[in-house]
Asks: 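Take a look at the following structure, please.
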Amino acid sequence: MKQKLLFLLMLVYLTALLAGCAAPETIPAPTTFVPEAAQPAAREKLILATTTSTEDSGLLDFILPDFEEEYNCDIDVIAVGTGQAVQLGVDGNADVLLVHDRTKEDKFMNDGDGVRREDVMYNDFIVIGPEDDPAGIKGLTSVVDVFRKIKESESPFVSRGDDSGTHSRELSFWKAAGIEPSGDWYISAGQSMGVVLTMADEMNAYTLSDRATYLARTLEGIKLVILTEGDPLMFNPYGVLAVDPSKSSNINDEMAQKFIDWIISVPVQTNIAEFGKDKFGQGLFVPNSTLWKNK
């Protein structure tokens, strides 16, 4: 009996001892706080209405990516004739304009449709045509005399016919020559400069072009040659204009002003001066902002 009691006491003691040696409750390790990744700022939008020559020449592809990266902004380019680009501004459907018709630009500003205008660059117009020159204009220094010779010979002439800056200048040359162009020899295309160059090349016709678009298209096999250049009347300046933000709550005036400050700055004007030199041995545009001229 004593042995049985001693056995039970030892059993109780061993049970208590084992219970005291049990592993303590595991305490979870503290969780390290990992902040969420910072969300990138929403990209801004800017609508640029511009003439086809800035796009067809390749200039916009050359300079705009730098602005988009620097200002976290996507630029929607609407490349049309200057008349249409200006009308987009009048209607409040663009933030900023880059065009080349000083008469239309001045009217835009005087009518209160714009709040700022700056000079950007220039190049020149040229008369191009077939190398055999059926109208005999090669060597003439007066663009007005050139247009008279084309009419006299009734050699095919392809006009932009689209209220662009180039079309407006062409019409001013016909007017100065005392000519109202009409007839089978005069083709009004209603198309961009690039399309008109292709048409004139296929038709072995004459046309008026800005130098930049013509040179860019020679890389695509255009065979027409420059026959007339250098007349001061063929000077071709470009301006940048901010649209009056009161026209629409959608107009991004802040970004339009940044764009103007950017494109007239000396670094960007330097890039404009370099554009085309690697392919043509000359720049396709000449910088002309006040900052550039005063540097």
Side-chain angles (χ1 to χ4, degrees), residues 48-64 77-85 98-101 121-138 143 146-147 149-151 153-174 181-229 231 234 236 238 275-285:
L48 170 65
T50 185
T51 174
T52 59
S53 60
T54 59
E55 182 172 63
D56 289 347
S57 65
L59 176 67
L60 298 185
D61 289 338
F62 184 71
I63 64 171
L64 292 190
V77 174
I78 305 175
V80 289
T82 286
Q84 293 172 270
L98 179 59
V99 291
H100 65 142
D101 188 326
M121 59 193 182
Y122 65 86
N123 60 11
D124 63 340
F125 290 111
I126 52 178
V127 178
I128 60 174
E131 192 168 12
D132 61 357
D133 187 22
I137 66 171
K138 187 174 182 179
V143 67
V146 164
F147 274 52
K149 293 276 283 185
I150 292 173
K151 170 61 175 69
S153 66
E154 295 197 347
S155 299
F157 184 96
V158 182
S159 168
R160 288 278 297 266
D162 63 350
D163 195 32
S164 61
T166 304
H167 182 221
S168 294
R169 191 66 65 89
E170 175 215 320
L171 293 179
S172 74
F173 296 154
W174 291 120
S182 62
D184 293 341
W185 63 276
Y186 186 76
I187 301 98
S188 182
Q191 297 291 336
S192 70
M193 192 72 254
V195 174
V196 165
L197 285 170
T198 299
M199 290 177 62
D201 194 54
E202 292 173 349
M203 299 173 67
N204 219 31
Y206 294 93
T207 193
L208 180 73
S209 175
D210 68 280
R211 187 180 295 270
T213 307
Y214 166 73
L215 289 176
R217 284 304 172 103
T218 60
L219 299 179
E220 300 176 17
I222 293 245
K223 299 180 180 64
L224 299 178
V225 297
I226 299 174
L227 296 169
T228 302
E229 58 185 329
D231 189 324
M234 301 167 84
N236 182 31
Y238 289 74
F275 174 62
K277 286 185 178 180
D278 58 334
K279 296 177 181 176
F280 305 105
Q282 61 177 301
L284 300 193
F285 298 91

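These values consider heavy atoms only, across backbone and side chains, with no hydrogens, waters or symmetry-generated copies.
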Asks: In a check of side chain to side chain contact (heavy atoms under 4.5 Å, CB included) between Tyr206 and each of Ile128, Val158, Val146, Asp133, which one passes?
Replies: Asp133

Asks: So how far is it from Ile126 CD1 to Arg211 CZ, rounded to the nearest 0.5 Å?
Replies: 5.5 Å

Asks: Identify the heavy atoms of Ser188 and Gly161 that sit nearest to each other, and give their distance.
Replies: OG-CA, 3.5 Å

Asks: If you compare all heavy atoms of Thr218 against all heavy atoms of Phe280, which two are closest, and at what distance to 0.1 Å?
Replies: OG1-CE2, 3.9 Å

Asks: On a heavy-atom basis, which atom in Ala205 and which in Pro130 lie closest, and how many Å separate them?
Replies: O-CD, 3.7 Å

Asks: Any side-chain heavy atom of Asp201 sitting closer than 4.5 Å to one from Arg217?
Replies: no

Asks: Evaluate the side chain to side chain contact (heavy atoms under 4.5 Å, CB included) criterion for residues Tyr186 and Lys151: first the C-alpha distance (whole Å), next the side-chain angles of each, then the deciding distance (0.1 Å), finally the verdict.
Replies: CA-CA 9 Å; Tyr186 186 76; Lys151 170 61 175 69; over 6 Å; no

Asks: Would the distance check show the side chain of Asp101 and the main-chain N or O of Thr82 forming a donor-acceptor pair, the cut-off being under 3.5 Å?
Replies: no

Asks: Check Met234 against Leu208 and note the closest heavy-atom contact, atom names and distance.
Replies: CE-CD1, 4.3 Å

Asks: Could you tell me whether the side chain of Thr54 reaches within less than 4.5 Å of the side chain of Val77, counting heavy atoms only?
Replies: no

Asks: First locate atom CD1 of Ile187, then atom CE of Met199, and finally report the distance between them rounded to the nearest 0.5 Å.
Replies: 7.0 Å

Asks: Kindly give the heavy-atom pair with the smallest separation between Gly81 and Ser164, and that separation in Å.
Replies: CA-CB, 3.7 Å

Asks: Would you say Asp132 has more than 12 foreign heavy atoms packed within less than 6.0 Å of its CG?
Replies: yes

Asks: To the nearest 0.5 Å, how far apart are CD in Glu229 and CG in Asp124?
Replies: 7.0 Å

Asks: Taking Leu224's backbone N and O only, do any of them form a donor-acceptor pair with Tyr214's side chain (distance below 3.5 Å, no angle check)?
Replies: yes

Asks: Between Asp162 and Gln191, which heavy-atom pair has the shortest distance, and what is it?
Replies: OD2-O, 3.1 Å

Asks: Tell me, please, which residues at least two apart from Glu202 pass side-chain contact (heavy atoms from CB on, under 4.5 Å).
Replies: Thr198

Asks: Please round to the nearest 0.5 Å and tell me the distance separating atom CZ of Phe173 and atom OG of Ser168.
Replies: 11.0 Å

Asks: Measure the CG-CD distance between Leu284 and Gln282 for me, rounded to the nearest 0.5 Å.
Replies: 6.5 Å

Asks: Look up atom CG in Asp56 and atom CG in Leu59, then write down how far apart they are to the nearest 0.5 Å.
Replies: 11.5 Å

Asks: Between Thr213 and Gly194, is there a donor-acceptor pair closer than 3.5 Å when you use the side chain of the first and the backbone of the second?
Replies: no

Asks: Can you list everything that forms a side-chain contact (heavy atoms from CB on, under 4.5 Å) with Asn236? Sequence neighbours excluded, please.
Replies: His100, Asn123, Phe125, Asp210, Tyr238

Asks: Kindly indicate whether the side chain of Arg160, heavy atoms from C-beta on, has any atom under 4.5 Å from the side chain of Thr52.
Replies: yes

